[in-house]
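Read the structure below first, then the notes.
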Amino acid sequence: MNQPIWQPSPERIAQSNMTAFMRAVMETWRVQIDDYAGLYAWSVAEPEKFWRSLWSFAGIVAERQGDVALQNKTAMPGARWFPEARLNFAQNLLRRRDDETAIVFWGEDKVARKLGFNQLFDKVSQVAQALRAVGVGRGDRVAGYLPNMPEAVIAMLAAATIGATWSSCSPDFGAAGVLDRFGQIAPKVLFAVDGYWYNGKQIEVLSRVAEIAAQLPSLATVVIVPYLRDGAPIGGINKAITLDDFIAAYEPTEIQFEALPFDYPLYILYSSGTTGVPKCIVHGAGGTLLQHVKEHLLHVDVKAGDRLFYFTTCGWMMWNWLVSGLACGATLMLYDGSPFHPRPDILFDYVDAERITIFGTSAKYLDALHKHGVRPMATHRLASLQTLLSTGSPLAPESYDYVYSAIKNDVQLSSISGGTDIVSCFAQGNPLLPVWRGELQSRGLGMRVEVFDDDGRPVRGQKGELVCTAPFPSMPIGFWDDDDGRKYRAAYFSRFPDVWWHGDYAEITEHDGLIIHGRSDAVLNPGGVRIGTAEIYRQVEQLDEVVESLVIGQDWPPGKASDVRVVLFVRLRDGLTLDDALVERIKQRIRSQTTPRHVPARIIQIADIPRTKSGKIVELAVRNVVHRLPVKNRDALANPEALDLYVDIPALQA
């Protein structure tokens, strides 16, 4: 395609925060910057100046910033950002004090609630006082087992005000999955819900909460948030109290925000846990704050009064990312429930009813809408919608076509990519740049992102390993219970010395955008040729008969000198059967649109495809099952029973 699929208007460019930031940089540092390419080059050449400029532009509230922006400047890991700074993450998210709406919440059971900025501040004040009263202070952990609801935001902010570290799971996790996570970090207080709604059903979780609480001896209190009903029976839960009773003795007052070091532990997030017990990834307050305000203010162009939505649960890092929108004065739009109940366009009802301006979702959701034939453009106004964000997996070029033909033709479509490891993004949207079909718009400011070949050399226009070759503030401060940093270094710095290796198979394009071809550990290698799984998914899932697919490399023939053959699993529309004609159509589609190397040796119909709680398919877990290797943590999956479908499939034995 020689033309972009969308261009920002001159007015949109002129009014963007990115343009204002560029002017501020030129004025402050007496440099000439003509476009985003120039701004990006300056940001990675002068990282200390860039992050200081961002601090000032974002109006970060701090007791002090300090004279040193970066210590141990080239150490990967080991660099320290703003080592003299003292600030509080929650204070920066709670600085707006008025009666405008801070949070809008829709639940699948038709509950709808709104909180003003002043109300949010007061609720955080009460919960923070109650946490202090039960002995929570600096260094303690506070955990949440909650849906994406206002109380989750309130509890997290209350913990952050007093120097506690927050960690959360969504209530669709089973008890074993929760204990695999919280059992490692020994929380002092657990906030939990009585149940939630999904796909039209009430799902009770109090029995699960009781099991979890009984196996967390560190707990001083379990705070139950009623969602399904008032008066939930909590007598069987050790040390349990309802949220109303927990805060009843405390009137809202001015919050005493703890001034904490820049790298003070704010969040503990978790790896997917599909290959073993989840890694506990610890993120610092200052790095998370700076990175998120950069992404919100500059790359997403969030302004005070914007209505920011991301379809997420509290078990996915996009929840943490979403909540930081408060630092820009945005209204958080929360949703809990199935995005397809009672209709597949329910979230677009939310856009129209609540005037959402920025809508975030997953690539899989957009693909599912396409498969369902949903055309919001024909049924909804969507007048408020300015930006559509997508992440979770690569967004196929055909999904770009779908957005502009079926959702809205004048919207900035930004596919973004990063991860739990950095609680943010390496590749971003950009209000100054066009959208090219199938491409992420740009690398993020201040992130020296490259693509390396197997020998560690930077390449363009070729597929390779996504890396970051210089320190950035949202690198984890470490893993929990990894005092010597050995696990941390092994996870990110083992492939290329002194370089962050992210594990994505990617390509930098001629437009200086990115294409993500899949996870490196899922890359196929038939005959020694590396193939990204996304290249196959893109072709297969365009066929009307195919709902979704999963591809792995199977060692074949078995043995030490074996090669790899490509095996494709397809879930078809209800009532359809994979026959020879459809197999041939799939193969022909892949062969004609990619290469003969991409064509699967086996194509197998499957009833279900396993995925994580955040909706990502798990190629490695399926590969383990096919190779009769253990899957160490099935509780990390949303549908672990699906793995049983892949055991000893006859077609894979010959």
Side-chain angles (χ1 to χ4, degrees), residues 272-276 364 367 371 393 518-519 521-527 529-591 594 596-613 615-654:
S272 61
T274 54
T275 56
K364 280 293 180 186
D367 182 62
K371 291 285 186 184
S393 58
R519 291 291 297 168
D521 52 13
V523 163
L524 311 172
N525 200 23
V529 178
R530 300 187 82 196
I531 295 172
T533 54
E535 300 171 61
I536 294 177
Y537 296 142
R538 173 190 169 188
Q539 303 307 326
V540 175
E541 293 178 11
Q542 288 183 64
L543 298 173
D544 288 340
E545 296 91 337
V546 179
V547 176
E548 59 181 346
S549 59
L550 182 146
V551 65
I552 64 167
Q554 182 191 15
D555 295 340
W556 195 263
K560 293 182 180 178
S562 64
D563 195 359
V564 170
R565 68 178 182 182
V566 178
V567 176
L568 174 68
F569 300 96
V570 291
R571 183 166 75 86
L572 303 182
R573 291 184 182 276
D574 290 344
L576 297 183
T577 300
L578 184 69
D579 56 19
D580 291 344
L582 181 53
V583 167
E584 187 53 39
R585 283 183 60 216
I586 292 171
K587 288 185 174 182
Q588 181 57 34
R589 171 92 198 181
I590 295 171
R591 182 182 294 111
T594 56
R597 288 279 189 187
H598 289 70
V599 177
R602 294 285 186 272
I603 302 177
I604 297 168
Q605 184 172 356
I606 206 79
D608 199 7
I609 287 178
R611 58 187 66 255
T612 65
K613 302 288 187 182
K616 298 178 183 179
I617 61 175
V618 286
E619 293 110 329
L620 289 185
V622 169
R623 191 178 188 279
N624 281 354
V625 171
V626 167
H627 288 93
R628 299 176 180 173
L629 298 172
V631 177
K632 297 180 181 177
N633 196 349
R634 294 167 64 102
D635 291 309
L637 301 180
N639 54 340
E641 67 284 351
L643 285 176
D644 298 333
L645 301 172
Y646 298 81
V647 176
D648 293 334
I649 295 174
L652 296 183
Q653 310 308 314

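Numbering starts at 1 and runs along the sequence shown. Note that the structure is predicted; figures quoted are calculated from it, not measured.
- Side-chain atoms of Trp556 and Val567, non-hydrogen and from C-beta on, never get closer than 4.5 Å to each other.
- Atom CG of Leu620 sits about 4.5 Å away from atom CG of Asp521, to the nearest 0.5 Å.
- Contact check on Arg634 versus Asp644 returns a salt bridge, with a Lys/Arg side-chain nitrogen under 4.0 Å from an Asp/Glu carboxylate oxygen.
- No side-chain heavy atom of Gln539 sits under 4.5 Å from any side-chain heavy atom of His598.
- Side-chain contact between Ile603 and Lys587: present, with at least one pair of heavy atoms (C-beta onward) separated by less than 4.5 Å.
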| field | Verdict with reasoning, Asp648 to Arg628, per side chain to side chain contact (heavy atoms under 4.5 Å, CB included) | value | CA-CA 8 Å; Asp648 293 334; Arg628 299 176 180 173; 3.0 Å; yes

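- The minimum heavy-atom distance linking Gly553 with Leu524 is given by the pair N-CD2, 3.3 Å.
- Atoms CD1 and CD, from Ile586 and Glu541 in turn, are 10.5 Å apart once rounded to the nearest 0.5 Å.
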Show the atom names and distances, to 0.1 Å, of all donor-acceptor pairs under 3.5 Å that link a side chain in residues 574-584 to residues at least two apart or in another chain.
| residue | atom | partner | partner atom | Å |
| --- | --- | --- | --- | --- |
| Asp579 | OD1 | Ala581 | N | 3.3 |
| Asp579 | OD1 | Leu582 | N | 2.8 |

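- Looking at residues two or more places apart in sequence or on another chain, you find no side-chain hydrogen bond (donor to acceptor under 3.5 Å, both in side chains) involving Asn525.
- Between atom CZ of residue Arg571 and atom CD of residue Glu545 there is a gap of 14.0 Å, rounded to the nearest 0.5 Å.
- Side-chain atoms of Arg589 do not come within 3.5 Å of backbone N or O of Leu543 as any donor-acceptor pair.
- The distance from the OG1 atom of Thr612 to the CG atom of Asn639 is 9.5 Å, given to the nearest 0.5 Å.
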| message | What verdict does the side chain to side chain contact (heavy atoms under 4.5 Å, CB included) test give for Asp608 and Tyr646, after you've listed the backbone C-alpha separation in whole Å, the side-chain angles of each residue and the deciding distance to 0.1 Å? | response | CA-CA 10 Å; Asp608 199 7; Tyr646 298 81; over 6 Å; no

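- In plain terms, the two heavy atoms of Asp555 and His627 that are nearest each other are N-NE2, 2.9 Å.
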| message | If you apply the rule side chain to side chain contact (heavy atoms under 4.5 Å, CB included), what do you find for Ile649 with Phe569, and how did you get there? | response | CA-CA 11 Å; Ile649 295 174; Phe569 300 96; 3.7 Å; yes

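- The structure places CD1 of Ile604 at 9.0 Å from CG of Leu568, a figure rounded to the nearest 0.5 Å.
- In this structure Ala522 satisfies the side-chain contact (heavy atoms from CB on, under 4.5 Å) test together with Arg519, Thr533, Glu619, sequence neighbours excluded.
- Under 4.0 Å is where a charged nitrogen must lie from a carboxylate oxygen, and between Arg597 and Glu535 no such pair does.
- In terms of heavy atoms, Ser549 sits closest to Val570 at CB-CG1, 4.2 Å.
- Contact detail for Ile552 and Val622: the closest heavy-atom pair is CG2-CG1, 4.1 Å.
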| Going through the distances and angles, do Glu548 and Lys364 end up as a side chain to side chain contact (heavy atoms under 4.5 Å, CB included)? | CA-CA 9 Å; Glu548 59 181 346; Lys364 280 293 180 186; 4.2 Å; yes

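- The environment of Arg573 atom CZ is dense: over 12 non-hydrogen atoms of other residues, nucleotides or ligands sit within 6.0 angstrom.
- Across all their heavy atoms, Pro610 and Leu643 have their closest contact at CG-CD2, 3.8 Å.
- Val523 approaches Gly532 most closely through the heavy-atom pair CG2-CA, 4.5 Å.
- Looking at Val551 and Pro600, their side chains never come closer than 4.5 Å, going by heavy atoms from C-beta outward.
- Here the straight-line distance linking atom CG of Leu550 with atom CD1 of Ile609 works out to 5.5 Å at 0.5 Å rounding.
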